[in-house]
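Reviewing the structure listed below.
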Amino acid sequence: MARGIGTKCIHLEEDEGRLAHYGAISFPIYQSATYAHPAVGQSTGFDYSRLQNPTREQVEKVVASLENGIDALALSSGMAAISLMMELFAPGDHLIVDADLYGGSIRLFEHVSRKNGIDFTSIDCYKENIESYIKENTKAIYIETPTNPMMHVTDIKKTAEIAKRHGVLLIVDNTFLSPYFQNPLDLGADIVIHSGTKYLGGHNDTLAGFLVTNREDVRERLRFLIKTTGAGLAPFDSWLILRGIKTLGVRMEKAQENAKGIAEWLKGQQSVTEVIYPGLPEHPGHEIMKRQARGFGAMLTFKLESREFALAVLEKVKLIRYAESLGGVETLITYPTTQTHADVPKEIRERNGITESTLRMSVGIEDGEDLLDELAGVFHEIESR
Ligand SMILES: *Cc1c(COP(=O)(O)O)cnc(C)c1O
């Protein structure tokens, strides 16, 4: 019987009953750059850690298993993963990308990939007719769902059907939901990306990135690229991600529960003009997410009555920390305008709906009551000025 995803976070099927590694329950950190050969022309399976390292291989197997891929590659950050993925393309190629992406991905596409001769069309994939933008040289569709920070939801299955019809790759950055809540490969995607820095690691203590695929041709190409370019995840960082993943299930459930509570609370505040959380039934992507995901995640975006109010919230929170990043046990709040999306041109930011009174929250796993108490105190203080 197929195992549940919570169990898959902790156990690899093939490891059952084995006493390898002296029976170590926590997979060892193989802090070795190179490996001795048993004889000429023979290998233990490991030759040099840029190509492969046992600890990195273990985390790759776990992530591949969680995303139902045939292989996963672990890289030194999410951006290293996306940069490596871009090496699949050549000058003259064209990609359709979602308009509302992680700011670093937009920066990479606009300022590095374009220089390398790759062309992009940036559209709102959740509402546009993607098919009408496909050109002869289109090689891939690149999406996030829900998007960062506007939480737009794109139908993965429908997009995959378009990609298949035209023989182009569908690439999905699945960082926001983690494999615990969503598996794009099962819905027809070809490559899944994760910033492992976020939910997979879960503790805001290390950077990592993953590329997962279920296509043999893509797998082969990516393996060649990682060994050639060399941004594979270090052994200790691989171990941190392995450890983080063990509690992915309980963290995602608790963070989501807290996020639902906060979204409801924010909705009741006079100074809040909009709450964008796909777990709210009125969110336009709610029904699609019910079909394609097992949860709604713990990321939410909200808009305040003024820029001043938003800045005051950032200054007054204490338990909730004003910091970039997401997906960790700590609740973080960020200001997309000057942080995650600072490098996105103002007109694109505004077209995407990111205003100067927009805040994004990554809800953590503290006691929900304490988070609500803090928010209530901060709002009260600002409102009574
Ligand atoms: C953080 C993030 C990235 C980049 O990952 P790093 O580990 O910071 O390099 C890519 N995509 C999304 C959705 C992210 O949140």
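Both counts, for ligands and for their atoms, begin at 1 and track the order of listing. What you see is a predicted model; the values in this text were computed from it and never measured. All residue numbers refer to positions in the sequence shown, counting from 1.
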Name the orientation class of the two ring planes belonging to Phe379 and Trp265 (parallel below 30°, tilted from 30 to 60°, perpendicular beyond 60°). perpendicular
Which label fits Tyr142 and Phe109: parallel for a plane angle under 30°, tilted from 30 to 60°, or perpendicular past 60°?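 Correct class here is perpendicular.
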Given 3.5 Å as the limit, does a donor-acceptor pair link the side chain of His286 with the main chain of Pro278, or not?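 Pair found, side chain donor or acceptor close to backbone of Pro278.
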Under a 3.5 Å distance rule, please check whether Glu67 uses its side chain to pair with a backbone N or O of Val192 as donor and acceptor.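 Between the backbone of Val192 and the side chain of Glu67 there is no qualifying donor-acceptor contact (under 3.5 Å).
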Proximity of [X] to ligand 1 by residue part, where a heavy atom lies under 4.0 Å:
X      : result
Ser325 : neither
Leu326 : side chain
Leu207 : neither

So for Asp173, does at least one of its heavy atoms come nearer than 4.0 angstrom to any atom of ligand 1?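 Within the 4.0 Å threshold, so yes.
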At the 4.0 Å heavy-atom cut-off, does Ala80 count as touching ligand 1?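 In this structure, Ala80 fails to qualify as a contact of ligand 1 - no heavy atom is under 4.0 Å.
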Residue, atom name and distance, where the atom is the protein heavy atom closest to [atom]:
atom                   : value
atom 8 (O) of ligand 1 : Tyr102 OH, 3.9 Å
atom 1 (C) of ligand 1 : Lys198 NZ, 1.4 Å
atom 9 (O) of ligand 1 : Met79 N, 2.8 Å

For Glu60 and Arg223: C-alpha separation, side-chain torsions, deciding distance, then whether salt bridge (Lys or Arg N to Asp or Glu O under 4.0 Å) applies. CA-CA 12 Å; Glu60 290 177 340; Arg223 280 285 160 203; 3.0 Å; yes
Please set out all donor-acceptor pairs under 3.5 angstrom arising from side-chain atoms of residues 296-304, sequence neighbours excluded.
unit_1	atom_1	unit_2	atom_2	d
Thr301	OG1	Pro149	O	2.5
Lys303	NZ	Gly353	O	2.8

For ligand 1, which atoms, with element, lie under 4.0 Å from some heavy atom of Ala208?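 Close to Ala208: 7 (O).
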Only residue of Leu169, Leu185, Val212, Asp217 satisfying side-chain contact (heavy atoms from CB on, under 4.5 Å) with Asp190 is Leu169
